[in-house]
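Chain A is the first sequence line, chain B the second, and so forth, proteins listed ahead of strands; every chain is numbered from 1.
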Amino acid sequence: MLNWAYPDAMHVRTAVWMAQASGVLPRREPVPDLDPLSVTFRFQQSIRLRDTQVRLDGLRGRLDIALAGQPMPAFAVVLIGPMLWTRFESAEGTMNMVPHATGPARDDVVIVTDEPVVAALAEGRITVREARAQGLVKTYGTSENVVRLSALLDRAFEPKKH
Amino acid sequence: MRTHSLRRSKLAALPAGALAAAIAGVLALPTSASAQADAGAPDKAKLEKVHPSKPGYSPYAGRTFPTLPLFGDTHLHTSYSLDAGAFGARLTPKDAYRFARGEEITSNTGQPVKLSRPLDFLVVADHSDGMGFFPQLMGGDPEVLATPQGRKWYDQIKGGQGAEAAMDIIASFSGNKMPKGFPTPGTPAYRNAWQETIKAAEAYNEPGRFTAFIGYEWTAGGSSNLHRNVVFRGNGAQAGLVEPFTTLPPLGSGDPVDLWKWMAATEQKTGTEVLAIAHNGNVSNGLMFPVVETFGKKLDRDYVQTRARWEPLYEVTQTKGTGEAHPFLSPNDEFANFELWDKGNLDGTATKAKDMLEFEYARSALKNGLKLEEQLGTNPYKFGMIGSSDAHNGLAALEEDNFFGKTAPQEPSPERMTKAFIDNQKTGVKVMDWEVGASGYAAVWATENTREAIFDAMKRRETYATTGPRMAVRFFGGWDFTPADANNRMPAVIGYAKGVPMGGDLKSAPQGKSPTFLVAALKDAIGANLDRIQVVKGWVDKEGKTQERVYDVAVSGGRKIEADGRAKAPVGNTVDIENATWANSIGAPELITVWKDPQFDARQRAFYYARVIEIPTPRWTAYDAKRFGIKPLPGTTMVLQERAYTAPIWYTP
């Protein structure tokens with residue numbers, strides 16, 4: 001359904017494994033298919049989610065700085081692997097994050113990406129601009145909102161000048 | 001008189017060497033046998049066209065019998081299927097035809113994809129229920145949006161509530177509670193979807209080069225799969241006179257008997273022919289091939305005649321498993337354990353019981369069909385075999401090294417070997433994605449690549465199934481094939497002259513004769529060598545019980561076939577799993593032989609079909625492991641022996 005609501009959203013999945021294969025993103029061994037009720041599965045999932053959540057919060061922090069008090073349209077990020085939705089909303093010049101959202105709110109800009117991309121962004125291995133160019137990030141919404149949000153992301157993740 | 005002239009016209013087409021052998025065979029026939037020698041052959045006019053009476057130098061001139069097998073897929077879903085769309089398929093029927101014709105396209109997950117070689121034909125067989133709904137909804141089709149529910153779902157999806165809309169759509173459909181105005185036959189929206197399907201086939205149908213059939217899948221049975229694919233022989237103008245038969249009442253029905261009624265009415269209305277191909281008996285939980293009753297009604301003459309009339313083929317192998325034989329039913333067949341899906345029904349909501357298997361697998365159906373013929377006068381399970389994909393992503397990509405999965409999420413990725421396809425916690429039925437098979441294709445011996453010629457070949461069951469490779473397989477039955485016939489480089493000339501091809505009939509054995517079979521197989525030009533050819537025989541014994549036996553009739557590598565008809569030594573294995581490679585240093589590129597049934601009883605009904613088995617090669621999972629650098633889950637099958645199954649030849653006393 002995601003592929004219909006957000007056309008070609010599934011292309012992100014392919015872009016991610018291709019980037020991993022070419023070394024643009026770090027390789028990650030797929031999690032073995034375990035019984036979802038097993039302790040091992042739950043433990044692995046909780047560790048993974050915790051790490052991802054920490055990285056998303058880091059992303060929020062960088063956006064908060066780049067926001068510089070300006071208003072910004074609300075947006076939702078969906079990580080296509082675990083189908084994890086997270087909403088971001090600016091209020092009074094501050095970027096707030098709602099983890100484990102049930103989905104986007106009406107009129108949200110939607111960003112489709114995946115865990116390895118967030119990890120690479122957090123570690124400074126890749127910029128948002130590069131991620132977008134390689135199909136690792138796809139953004140959906142009105143063109144005006146998409147442009148504004150993309151500019152914010154680019155500012156937040158631009159390489160540090162020395 | 002008729003028999004005599006037929007024989008003369010056949011012999012005239014034979015090259016000199018073959019002619020001598022054939023003449024010897026004919027002269028050896030006693031008078032009573034002569035009268036029976038052409039049982040199952042076409043009529044005089046057709047045969048004289050096939051075998052002209054004045055041959056010239058070129059053995060190929062004037063030859064009109066099928067000379068090349070055509071390979072295709074009669075069962076491919078696109079985004080026009082409700083479930084495929086929900087899985088994320090965005091490729092349309094047009095995309096599917098372009099891909100099958102050999103074009104490189106972009107898959108649903110953004111990957112460039114192309115077949116190693118074009119296919120010869122394709123049937124886009126989207127589900128009749130809900131056909132075209134997703135593309136119409138998302139494209140803002142005015143007819144769909146004119147309905148309150150359609151507008152609501154559209155707004156939900158566009159407003160970011162796609163998941164909620166999807167759940168609502170699927171729940172509404174499953175419960176037969178689709179809102180008024182939902183595209184069903186008779187509504188403008190449904191009509192549009194069907195017309196788009198037809199238009200796609202018309203646009204890409206190119207007689208002589210590529211055949212795009214018009215068709216659809218009638219998806220009955222709920223969790224107990226009774227699905228059939230319906231194929232039209234005719235063109236868009238004819239198919240456009242009707243709309244597909246659906247399964248949900250009041251317009252549709254889940255009973256195959258009602259589908260057959262629709263087919264009869266359709267032929268009347270359109271002036272063209274249709275046929276239906278059932279599939280996946282293996283997940284029907286014992287319902288696909290009934291022998292006593294069906295839908296609460298005892299099997300009668302009408303049922304067996306009607307089923308035989310409309311269902312000349314059975315799809316024996318596809319992504320959801322291969323259903324030729326099962327080890328429980330055929331404990332002496334060491335090749336029966338192949339790509340099985342035998343844990344439960346279609347969606348895993350019910351487990352499998354052993355006593356269901358007999359009514360699910362092709363071989364047991366062929367056997368039970370003989371008994372039903374004795375009881376009711378017609379064999380309802382007199383079908384030829386084909387393979388097809390049942391892929392739900394618009395991609396008929398069934399080669400092990402080029403497998404694009406069954407659904408959009410199962411297109412190549414590092415995760416696809418480790419995910420579950422069906423995982424029902426309540427019943428315990430679990431099928432992993434790695435168990436999805438890269439299978440299969442339909443091979444058809446048609447005289448030319450046109451809708452009419454392929455359809456007619458399907459009707460006469462001159463077909464075979466392959467699990468992916470495009471090997472050429474000939475199988476002829478008659479009373480007079482001799483070992484010398486296997487030395488001829490043109491087995492088809494001999495085969496058609498002295499016998500009937502796969503799908504045909506032998507009747508009333510000549511006194512003292514046993515049926516003989518000329519069988520030949522040529523490896524896929526870019527594929528693996530052949531391990532062996534087997535003949536599978538099924539019959540009804542004097543006690544009225546069904547029996548079966550597998551014979552190795554041609555084996556590679558000089559291995560010995562023992563007195564019991566079996567070659568005990570395996571062909572070997574050159575597969576390097578780690579590197580997903582193999583070598584054609586074992587096996588044979590071609591095998592041919594003449595085999596005579598050593599245990600024939602002229603009073604007993606029987607069938608014979610050929611099974612051609614390749615040497616071991618890497619399964620798609622081995623290619624995935626290598627290309628993605630991943631470790632498979634314990635128990636993952638990494639090597640397989642691909643194969644082909646011909647349509648049977650039946651013997652009737």
### Taking every non-hydrogen atom, the tightest pair across Ser107(B) and His11(A)
O-NE2, 3.7 Å
#### Entry: For Tyr140(A), all residues meeting ring pair (Phe, Tyr, Trp, His ring centres under 6.0 Å), sequence neighbours excluded
Tyr6(A)
### Message
Determine whether a donor-acceptor pair (N or O, by modelled atom type, separation under 3.5 Å) exists between the side chain of Trp4(A) and the backbone of Gly85(B).
### Response
yes
## Note on the structure
One should read off an interatomic distance between Gln111(B) CD and Thr14(A) OG1, to the nearest 0.5 angstrom, of 4.0 Å
### Query
So, for Asn108(B) and Asn3(A), which heavy atoms are closest and what is the spacing to 0.1 Å?
O-ND2, 3.4 Å
### Query
Has Arg132(A) got more than 12 heavy atoms of other residues, nucleotides or ligands less than 6.0 Å from its CZ?
yes
### Query
By ring pair (Phe, Tyr, Trp, His ring centres under 6.0 Å), which residues pair with Trp434(B), not counting sequence neighbours?
none
### chain A contact via Ala408(B) - side chain, backbone, both or neither, heavy atoms under 4.5 Å
both
### Task
Could you label the plane-to-plane angle of the Trp17(A) and Phe628(B) rings as parallel, tilted or perpendicular, counting under 30° as parallel and over 60° as perpendicular?
perpendicular
### Query
Pick from Pro412(B), Gly110(B), Ala89(B), Ser79(B): which one has the most heavy-atom pairs with chain A under 4.5 Å?
Gly110(B)
### Query
In terms of heavy-atom contacts, does CD of Glu123(A) have more than 12 from other residues, nucleotides or ligands at under 6.0 Å?
yes
### Task
Kindly indicate whether the side chain of Pro409(B), heavy atoms from C-beta on, has any atom under 4.5 Å from the side chain of Arg13(A).
yes
### Query
Given Arg90(B) and Asp8(A), is the side-chain contact (heavy atoms from CB on, under 4.5 Å) satisfied, shown in steps?
CA-CA 8 Å; Arg90(B) 292 183 57 87; Asp8(A) 298 335; 3.6 Å; yes
### Task
Look at atom CD of Glu144(A) and say whether more than 12 heavy atoms of other residues, nucleotides or ligands are closer to it than 6.0 Å.
no
### Query
At what distance, to the nearest 0.5 angstrom, does CG of Asp155(B) lie from CZ of Arg106(A)?
6.5 Å
